[in-house]
Engineer: 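My questions all concern the structure below.
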Amino acid sequence: MPSDPTLDLIVFSAPALADGSVAIAATRAGATGVADLAGHDAASAQLQLDRLAAGCERGGARLEADLGPAPGELDLRAVRLLVLAGYALSALKKATAAAHALGQMVLAEVTSAATAAEAERAGVDGLIARGHEAGGLGGDETSFVLLQRLRRVTRLPVWVAGGVGPHSAAGCLAAGARGVVLERQLALTVESALPAEVRGVFERLDGSETGLVGAELGWPLRVLDRPHGLAGVDALARVERELADSGLPPKARAKPWREAIRARLGYGDEQVAPLGMEVGFAAGLAARGRTVAGVIDLYRASLRDSLRLARELQPLAPFSPLAASHGTEFPVTQGPMTRVSDTAAFALAVAEGGGLPFVALALLDGERSLRLLQETSLALADRPWGVGILGFVPPELRAVQLEAIRQVKPPFALIAGGRPTQARELENDGIPTYLHVPSPRLLASFLKDGATRFVFEGRECGGHIGPRSSFVLWDQAVETILEHLGDKAATDLHLLFAGGIHDEVSAAAVAATAAPLAARGAKLGVLVGTGYLFTREAVTAGAIVEQFQAEVLGCGGTAVIETSPGHAIRVVHTPAVDEFRERKHELEAQGLGPREVGAELEQLNRGRLRIASRGVTRNPAHESDPTQPRYVALEAEEQREQGLYMVGQVAARHAPRRHRRGAVLGEHPQPGRLRDRGAARPLGPGHLLRSRDPRRRSHLLQVGRIPVGRAVRSARVRHPAAQPLHHRAGTPPGAGSDQARPPRRRLRAADLPA
């Protein structure tokens, strides 16, 4: 597809709203404005199209199956771009052929690799990746993970919809997107025709106030949630419950569910407002840009400047400022994982690979905490490492863990769910400490309190997850820090980005998103968790058993289980997940409150992480006879039936294509695949990461065989045009001669470790 700057940014008008002013203004500003016709009848939809055609020459239309008029009901001759969402293959083929006959471009909205494959067979010209955080009907995978998956399985250009701010828009292009889609980011601009009372609500939102209905049916709808939402949310939730209990097969539920949605779309008292997490950007963008054209200028400036800065500064290169601060080769940190990263041998493997390992104390008592810390300190000697603790454990447990930490004094610490006062306790003892920050408001508070080391982990991660996706959280974090800095430098800030990062492409997205902070002197790095579960050392060093790795390698996706509001965990979908959900429904049907339900479910989950990672369970005979072993081993099938496998969404990204020993897990796009994006996009996936040794390319992963050091190399980014391959340890990035790089070739079996 030839380059067209008007297609970098595609702007959708608000669905179920009789006004196309935003789409018209976007097209006049040099983007592509699209009238979203979901929630309209045929007459109203045609009126919107006529207004768009009269107001500009290059507009488009979005049609969603069962939520508005069908293509055959409308006169689409004035449309330049047709966006189709939710259509079955046969209908999509027919609509695409008709649009092509009129000389129109067709994009299909997709929520998975399967729907992308169908769209490609239908002959569409490109795809819109509608991520989990986008408003309206969506899928399970976030925009960040879905984009990575689609770049692996299709050559079609991809636009990203859902949770994309000005900074993360640059991250999208760096990860291979052709452009991005703006929706409720523009809800508060001058041209927006939202009702005044709705605008008043939107002005106070930060993106965490959206919620899902319909997830149990397989067609989640993201809407403005309670208590901010409209009364229709409760009515739609009742429809969901009725359809879930109806006994109808899953496919038969689709049409009545969509009909129920269509009947309630809107902004009135008894309706539901489809709304994505990107609404959290609306107030700030309106304050800075005011008009649609002004906001589009902000996005274009961010795309231009952030991509340039990332290429010039290379904030995630080997021996980068953060790597130098850590004393490691790469700015890659291995995130502490409960019941996984609690062995000294695995920490040593990560350190030898050039990353910074963290051992997780989780709920270990004082004696076991001290033993783990002493073993790790002895094993790693003078290599840097850290300890991960939980800020919300009972005070008595926290006290004994802190005492153990003070005795051993690991070089670094990380507190999940902690506060600056807790970090200062450790920093006063000479231990630099990172804090997890799940929201921009909390970040602003921590910055004012003097904290300087942060982890921004999106809900793509494994284990306990927050409310925001990586793109949303990262973008808000960058903007919050820039506002806090004013004219000051950021040289004291150490920032780790996490959630969906596992290779050079995902790391490139981080480099572009956070480039403005690197330009101010902030030290940037990535925190990787799930990616390490694919390494051979994860098994050989005793972090996990073989069944855990096999379960991760075979998973097609992940599931989120919620013990109580705000306490959600991402895991592999195994029989234990089905048991959990059935038990939760039983407890809720009994009329128990959230606290009682949560306590029961926590008890149900007890010990299941140990079963998954170690393959053992508590021995009931030990309580009555201490001479009996504390734990007993379980067979592989028992582990699978009972265990909870905490992994991030990128686990499915590495699902093997060929089920044989040594099958390739993940192969990133080769150079030149997206050359049509033009020279203005210097950070596309064509700029592949390579190890310093040209014989050991790091863009392939092998089932259970990739060494942990290569996993570390895969999770940082370096751009060959500015970083010679032959630079040696201790040489600053960019130093060295300009000798030609060796010819590009695919990794061979002979290159792999035995």
Side-chain angles (χ1 to χ4, degrees), residues 166-167 170-171 302 305-333 354-356 358 384 386 411-415 418-421 423-424 426-437 440 442-457 473-498 501 507-508 510-527 716-719 722-723 727 730-735:
H167 303 294
S302 179
D305 296 342
S306 294
L307 291 173
R308 174 183 58 80
L309 288 170
R311 180 181 60 182
E312 293 175 356
L313 300 175
Q314 300 182 66
L316 298 182
F319 310 108
S320 69
L322 186 117
S325 177
H326 284 174
T328 59
E329 181 176 359
F330 304 116
V332 178
T333 299
L356 177 67
F358 274 86
F412 296 93
L414 186 156
I415 308 177
R419 302 193 66 81
T421 52
R424 275 196 293 271
L426 293 172
E427 294 192 331
N428 289 339
D429 291 323
I431 304 173
T433 302
Y434 284 93
L435 288 167
H436 269 271
V437 189
L442 203 59
L443 173 59
S445 172
F446 285 8
L447 286 166
K448 290 179 181 178
D449 208 0
T452 59
R453 293 176 183 265
F454 303 108
V455 179
F456 308 118
E457 186 173 64
L473 178 60
W474 298 346
D475 202 295
Q476 291 177 330
V478 171
E479 194 60 34
T480 300
I481 292 173
L482 290 175
E483 290 178 3
H484 171 79
L485 290 173
D487 297 329
K488 296 182 296 184
T491 51
D492 59 337
L493 294 183
H494 294 66
L495 310 175
L496 296 175
F497 294 81
I501 303 168
V510 173
T513 300
L517 297 180
R520 303 290 290 274
K523 301 173 179 63
L524 308 183
V526 295
L527 184 143
R716 49 71 163 156
V717 67
R718 185 177 69 208
H719 308 293
Q723 182 68 50
H727 86 274
T731 303

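This one's a predicted model, so the numbers in the text were calculated from it and none came from an experiment. Throughout, residue positions are numbered sequentially from 1 according to the sequence presented.
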Engineer: Can you find a heavy atom in the side chain of Val437 that is under 4.5 Å from one in the side chain of Leu442?
Structural biologist: yes

Engineer: Between Pro420 and Asp449, which heavy-atom pair has the shortest distance, and what is it?
Structural biologist: CB-OD2, 3.5 Å

Engineer: Do Ser325 and His494 have side-chain N/O donor and acceptor atoms under 3.5 Å apart?
Structural biologist: yes

Engineer: Donor-acceptor pairs under 3.5 angstrom involving side-chain atoms of residues 474-485: please list them, not counting sequence neighbours.
Structural biologist:
unit_1 : atom_1 : unit_2 : atom_2 : d
Trp474 : NE1    : Phe456 : O      : 3.1
Trp474 : NE1    : Ala498 : O      : 3.4
Asp475 : OD2    : His167 : N      : 2.8
Asp475 : OD2    : Ser168 : N      : 2.7
Asp475 : OD2    : Ser168 : OG     : 3.0
Gln476 : OE1    : Arg468 : NE     : 3.2
Gln476 : NE2    : Asp206 : O      : 2.8
Glu479 : OE1    : His167 : NE2    : 2.7
Thr480 : OG1    : Gln476 : O      : 2.7

Engineer: Indicate the atoms forming the closest heavy-atom contact of Ser306 with Ala515, along with that distance.
Structural biologist: O-CB, 3.5 Å

Engineer: Considering non-hydrogen atoms only, spot the tightest contact between His436 and Phe446 and give its length.
Structural biologist: O-CE2, 4.3 Å

Engineer: Roughly how far, to the nearest 0.5 Å, is CG of Leu435 from CG of Leu414?
Structural biologist: 8.0 Å

Engineer: Just to verify, what does Arg520 make a salt bridge (Lys or Arg N to Asp or Glu O under 4.0 Å) with, not counting sequence neighbours?
Structural biologist: none

Engineer: Is the shortest side-chain heavy-atom distance between Leu447 and Phe454 below 4.5 Å?
Structural biologist: yes

Engineer: Rounded to the nearest 0.5 Å, what separates atom CG in Leu307 from atom CD in Glu312?
Structural biologist: 11.0 Å

Engineer: Minimum heavy-atom separation for Ala518 to Leu524, with atom names?
Structural biologist: CB-CD1, 3.8 Å

Engineer: How long is the straight-line distance from CD of Glu329 back to CG of Leu356, given to the nearest 0.5 Å?
Structural biologist: 13.5 Å

Engineer: Restricting to ring pair (Phe, Tyr, Trp, His ring centres under 6.0 Å), what partner residues turn up for Phe412, sequence neighbours left out?
Structural biologist: His326

Engineer: Go through the structure and list residues passing salt bridge (Lys or Arg N to Asp or Glu O under 4.0 Å) with Asp305, not counting sequence neighbours.
Structural biologist: none

Engineer: Name all residues meeting the side chain to side chain contact (heavy atoms under 4.5 Å, CB included) criterion together with Ala323; count only those two or more places apart in sequence or in a different chain, and write none if there are none.
Structural biologist: Ser320, Thr328, Pro331

Engineer: Grab the two heavy atoms, one from Pro411 and one from Pro384, that are nearest each other, plus how far apart they are.
Structural biologist: CG-CA, 4.2 Å

Engineer: Got a second to check how far Leu473's CG is from Thr513's OG1, nearest 0.5 Å?
Structural biologist: 11.5 Å

Engineer: Of all heavy-atom pairs between Leu322 and Gly525, which one has the smallest distance, and what is that distance?
Structural biologist: CD2-CA, 3.9 Å

Engineer: Checking Asp492 now: which residues fulfil salt bridge (Lys or Arg N to Asp or Glu O under 4.0 Å) with it, not counting sequence neighbours?
Structural biologist: none

Engineer: Hey, which of Val455, Ile501, Val510 is the one that makes side chain to side chain contact (heavy atoms under 4.5 Å, CB included) with Leu496?
Structural biologist: Val455

Engineer: Can you check side chain to side chain contact (heavy atoms under 4.5 Å, CB included) on Leu527 and Phe497, steps first, answer last?
Structural biologist: CA-CA 6 Å; Leu527 184 143; Phe497 294 81; over 6 Å; no

Engineer: Partners of Ala413 by side chain to side chain contact (heavy atoms under 4.5 Å, CB included), sequence neighbours excluded?
Structural biologist: Val387, Leu426, Ile431, Thr433

Engineer: I'd like to know whether Leu316 forms a side chain to side chain contact (heavy atoms under 4.5 Å, CB included) with Val526, so could you lay out the CA-CA distance, the side-chain angles of the two residues, the decisive distance to 0.1 Å, and finally the verdict.
Structural biologist: CA-CA 8 Å; Leu316 298 182; Val526 295; 3.9 Å; yes

Engineer: So, does Lys523 use its side chain to make a donor-acceptor pair with the main chain of Thr491 at under 3.5 Å?
Structural biologist: yes

